[in-house]
Amino acid sequence: MKLLVITALAEDGPAVRQLLREGKVPVYSMLPATGVRSGEDPDLLQEWFGNRSGELDSLLFFSFTTAERADHVLSSLRDYNEKKGNGFPLRGFVLALEAASHPLS
């Protein structure tokens with residue numbers, strides 16, 4: 001079992017939900033988040049918020065899922081980002097679970 005985490009701008013929420021459906025991730029959570037630009041001058045091409053300043057409405061998705069489903073979704077996120085080609089990519093991460101209070105099936 002893996003923990004799949006995805007961050008996105010709020011306007012990309014429907015695309016993330018579609019990618020999760022296509023990846024056969026049956027259950028996930030979605031939380032609103034506010035992205036804040038620190039005001040420092042990082043490399044803007046690598047910065048999460050690109051060249052915008054201030055606060056941005058964002059979403060955080062997470063799901064406990066199989067490694068195969070998580071890998072499929074990450075691959076789909078990469079494809080989506082290549083096609084979209086802007087400075088605000090969908091970001092996905094997979095974390096291993098070491099222990100749980102309830103058996104994961």
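Nothing fancy with the numbering, it's 1 onward along the sequence. Only this structure's heavy atoms are used, side chains among them; waters, hydrogens and symmetry mates stay out.
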Heavy-atom nearest pair, Ser58 first then Gly35, reads OG-N, 3.9 Å

Listing request: all salt bridge (Lys or Arg N to Asp or Glu O under 4.0 Å) pairs with a residue in residues 61-87, at least two apart in sequence or in separate chains. Asp12-Lys84

Interatomic distance, Lys2 atom NZ to Leu95 atom CG [nearest 0.5 angstrom]: 9.0 Å

Note, Leu20 side chain near Phe61 side chain (heavy atom, < 4.5 Å): yes

Do the side chains of Val73 and Ile6 get nearer than 4.5 Å, heavy atoms only? yes

Carefully, step by step, assess Val94 and Leu3 under the rule side chain to side chain contact (heavy atoms under 4.5 Å, CB included). CA-CA 6 Å; Val94 176; Leu3 174 59; over 6 Å; no

Identify, with sequence neighbours excluded, every residue that meets salt bridge (Lys or Arg N to Asp or Glu O under 4.0 Å) alongside Lys24. none

Contact check, side chains of Asp57 and Leu9, non-hydrogen atoms, under 4.5 Å: no

Heavy-atom closest pair, residues Phe93 and Leu74: N-CD2, 3.9 Å

Under the side chain to side chain contact (heavy atoms under 4.5 Å, CB included) rule, what do Phe62 and Leu4 come out as? Steps first, then yes or no, please. CA-CA 5 Å; Phe62 66 94; Leu4 173 64; over 6 Å; no

Test of understanding: with side chain to side chain contact (heavy atoms under 4.5 Å, CB included), list the residues that count as partners of Leu60, not counting sequence neighbours. Val5, Thr7, Leu31

Which atoms form the tightest heavy-atom contact between Gly92 and Leu77, and what is the distance? CA-CD1, 3.7 Å

Looking only at atom types and distance, does a side-chain atom of Ser63 sit under 3.5 Å from a main-chain N or O of Val27, one as donor and one as acceptor? yes

Shortest non-hydrogen pair, Leu59 vs Pro32, comes out as CD2-CA, 4.0 Å

Smallest heavy-atom separation, Leu19 atom then Tyr80 atom, equals CD1-CB, 4.2 Å

State which residues pass side chain to side chain contact (heavy atoms under 4.5 Å, CB included) with Asn81; sequence neighbours excluded, sorted by chain then number. Pro89, Leu90

Test of understanding: with side chain to side chain contact (heavy atoms under 4.5 Å, CB included), list the residues that count as partners of Arg21, not counting sequence neighbours. Arg17, Gln18

